[in-house]
Amino acid sequence: MFQPRCGAVVKSGVDVEITAQCDIGPLFAGKIDRVAYQKDHSKEQPGEAVFQPFHAAGKVAAVLVAVDRSDRKRTRTVTLGASDAQRLIETARVAGPNDRFGLAAIEGDRLDVVAPIGSNRDDISRAAQNIRAEGVSADGTRALIDAINLVAQVPADRHILVLASDGKTEDKNYLGDPVLAAARSGHVTIVTLGYRERTGDGPELGSLKQLAAETGGYYAVPLLPSSRLDDSVITRFGQYVGSGGTASFPLDKADPRGRYIINLQLDGGGVLAGTYVAEVAPPGAGIAKVQAKSPTSSATEPPKPTKAPPQLATGPQVAPSSPPLPVPPPVSTPVKDAVAPTAPAAEAAPPRTGQADLFAEMPARFLELWSTRPATVAGVGAGAVLLLVSLIGLVVHRAHRVRVYAWLELTQPRPTRVPVTSPGVRLGRHSDNDIRFDDKSVHRYHAVLARETATGTFVISDVSRDQARSNGILVNGELIHSKATLADGDLVELGEIAFRFHYA
């Protein structure tokens, strides 16, 4: 089984045409030969979808390999993991020259990005050779979530995290709900490598195996006695990164709603089945409206919120080869006009619910009741009740505030303070960035600001180095190499854009 990410594209004209566009992959099962589709319970023969392989469609993958280097006793395991990480990246780079790769190390609850995503071959090679076992064993959940969020923020059509670990007891929380929630929110697939110390998969590797299965990835183990990944596993990973692609097919003209069965026929003869439930209303009921009721709901039920189809991001300097899905573009306002950075979905403030609004308004309602009907609320406990209700309103109000981690202070073309509302933000000229600079001297994807969980400090990384021409990043007048830790008040320059960095 596989689960595609599908959306409906509506084309109006003489005849209304509604087409499903599905993102498929990555797949470990093999290469796709053809894609067939059929509406559930339909008596018609299956049709053949239009399929474009991932790289043939001009799409880009972002891959981060994280090696768990915690505990000085793991010297051999960490050395092998770092070496295999470099082999994986090199093989995948050959298969997808436009894909973007990075390397990181997990040390306890801290994520250390040793080669930012988008680094070139030499930088990754040097970084891999410098990864050594150090620190102490600790719960790596926080570091793993940081790694997931980091790769999810990279502008790309596909996001993959590779975790190399020995799966010891302290890593059992890798499978916790927060990790899975972060992966699903960011659409990150996780591949796990289990460096075992004996024949067979012991219980210590169970969390790694299940983590891969839960996120749509796969699990691999090195061969004993060498404990290195076999060449066939390395080759398979290179194929995996660029596997899958985009399939499109027309929905039922009479009634496009319903469940569609999608079958992938693989080059090895196997078949994978997936489903897509279309919720687009028939043309006669309004072309662009989404059906609100499920087939089992009653006519008296209130309509449910509609689900927007997933947006397929476009990688750097890659022209999309198929029509975009009908969803609003990312909110990103040029700094020259007005700055309103967009936080990633996983970090965005939760929407105010009706219950939250009620709590926030309770103090005012209580005072109104006191002034109009004092006998109702009179008594010894009235003051205590008023205090309690006011505290509840204050707590709810604070809970719904957006946290500001830092500020970017610009002086040109006019004084502007830009809030950094996420532990990881992208800076550049393209509209996909969280903070956009409308200036030609700034690259489309120029830099990433990432907050270190352990220290609370921000690190700025140059992600434009893989381009032929780069203006780089200056910190206090000095050109940085790959990344630099920012201090309060540092002057940062991206091309002709300059700002002071201040911690909140």
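Every value quoted in this text rests on a predicted model; they were computed, and no experiment measured them.
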Mind listing the closest non-hydrogen atom pair of [X] and [Y] along with its distance?
X: A92; Y: V241; result: CB-CG2, 4.1 Å
X: L427; Y: V425; result: CD1-O, 3.8 Å
X: A95; Y: G238; result: CB-O, 3.6 Å
X: V151; Y: A62; result: CG2-O, 3.7 Å
X: S461; Y: I473; result: O-CD1, 3.9 Å
X: I145; Y: P178; result: CD1-CB, 3.7 Å

Side chain [X], main chain [Y], donor-acceptor under 3.5 Å:
X: R426; Y: Q153; answer: yes
X: S243; Y: L27; answer: yes
X: N149; Y: G424; answer: no
X: R429; Y: V442; answer: yes
X: N476; Y: L491; answer: yes
X: H446; Y: D462; answer: no
X: D230; Y: S232; answer: yes
X: Y503; Y: F458; answer: yes
X: T192; Y: L208; answer: yes
X: S185; Y: A182; answer: no

With sequence neighbours excluded, tell me which residues meet ring pair (Phe, Tyr, Trp, His ring centres under 6.0 Å) with F237.
->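 Once residues adjacent in sequence are excluded, F237 has no partner under the ring pair (Phe, Tyr, Trp, His ring centres under 6.0 Å) criterion.
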What pairs with F28 under ring pair (Phe, Tyr, Trp, His ring centres under 6.0 Å), at least two apart in sequence or on another chain?
->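 Counting only residues at least two positions away or on another chain, F28 forms a ring pair (Phe, Tyr, Trp, His ring centres under 6.0 Å) with Y218.
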To the nearest 0.5 Å, tell me how far [X] [atom1] sits from [Y] [atom2].
X: L144; Y: I190; atom1: CG; atom2: CD1; result: 5.5 Å
X: Y240; Y: F54; atom1: OH; atom2: CZ; result: 11.5 Å
X: Q21; Y: Y276; atom1: CD; atom2: OH; result: 10.5 Å
X: T91; Y: I234; atom1: OG1; atom2: CD1; result: 5.5 Å
X: C6; Y: I262; atom1: SG; atom2: CD1; result: 4.5 Å
X: Y195; Y: S165; atom1: OH; atom2: OG; result: 10.0 Å

Contact check, side chains of [X] and [Y], non-hydrogen atoms, under 4.5 Å:
X: F101; Y: S119; answer: no
X: T246; Y: F51; answer: no
X: N433; Y: Y445; answer: yes
X: I261; Y: N263; answer: yes
X: V94; Y: E90; answer: no
X: V420; Y: R451; answer: no
X: I148; Y: V179; answer: yes
X: V63; Y: I117; answer: no

May I have the step-by-step check of side-chain contact (heavy atoms from CB on, under 4.5 Å) for W407 and V418, ending in yes or no?
-> CA-CA 6 Å; W407 295 91; V418 184; 6.0 Å; no
Which is it for R93 and I124 under the side-chain contact (heavy atoms from CB on, under 4.5 Å) test, yes or no, and what are the steps along the way?
-> CA-CA 12 Å; R93 193 190 296 274; I124 290 178; 3.3 Å; yes
State which residues pass salt bridge (Lys or Arg N to Asp or Glu O under 4.0 Å) with R500; sequence neighbours excluded, sorted by chain then number.
->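 Not a single residue meets the salt bridge (Lys or Arg N to Asp or Glu O under 4.0 Å) criterion with R500.
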Name all residues meeting the salt bridge (Lys or Arg N to Asp or Glu O under 4.0 Å) criterion together with R87; count only those two or more places apart in sequence or in a different chain, and write none if there are none.
->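 D84, D231.
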Chi angles and distances behind the ring pair (Phe, Tyr, Trp, His ring centres under 6.0 Å) call for Y37, F249 | CA-CA 8 Å; Y37 70 94; F249 55 89; 4.5 Å; yes
Ion pair D99/R158, N-O distance below 4.0 Å |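 Result for this pair is no, no salt bridge flagged.
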Answer yes when R259 and D40 have at least one side-chain N-carboxylate O distance shorter than 4.0 Å, and no when they do not.
->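 A salt bridge is present here (some side-chain N lies under 4.0 Å from a carboxylate O).
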R228 and S83: side chain to side chain donor-acceptor pair (under 3.5 Å), yes or no, with the steps?
-> CA-CA 9 Å; R228 288 175 59 87; S83 175; 3.3 Å; yes
Side chain to side chain contact (heavy atoms under 4.5 Å, CB included) partners of A450, counting only residues at least two apart =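 Testing A450 for side chain to side chain contact (heavy atoms under 4.5 Å, CB included), a comparison that skips the adjacent residues, returns none.
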Side chain to side chain contact (heavy atoms under 4.5 Å, CB included) involving R126 - partner list, sequence neighbours excluded =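 R126: side chain to side chain contact (heavy atoms under 4.5 Å, CB included) contacts with D122, D123.
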Tell me, with the steps shown, if V492 and L486 meet side-chain contact (heavy atoms from CB on, under 4.5 Å).
-> CA-CA 9 Å; V492 180; L486 296 179; 4.0 Å; yes
Check the side chains of Q86 and S125 for a donor-acceptor pair under 3.5 angstrom, ignoring hydrogens and angles.
->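 Q86 and S125 do have a side-chain donor-acceptor pair below 3.5 Å.
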So, R132 and T75: side-chain donor and acceptor under 3.5 Å apart, yes or no?
->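 Note: R132 and T75 side chains miss the donor-acceptor criterion.
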Could you check L103, L88, I89 and say which one makes a side-chain contact (heavy atoms from CB on, under 4.5 Å) with V162?
->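 Output: one option passes, namely L88.
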Do other residues, nucleotides or ligands put more than 12 heavy atoms under 6.0 Å from the CZ atom of R121?
->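 Result for CZ/R121: open.
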Mind running side-chain contact (heavy atoms from CB on, under 4.5 Å) on V271 and L266 for me, showing each step along the way?
-> CA-CA 6 Å; V271 177; L266 308 178; over 6 Å; no
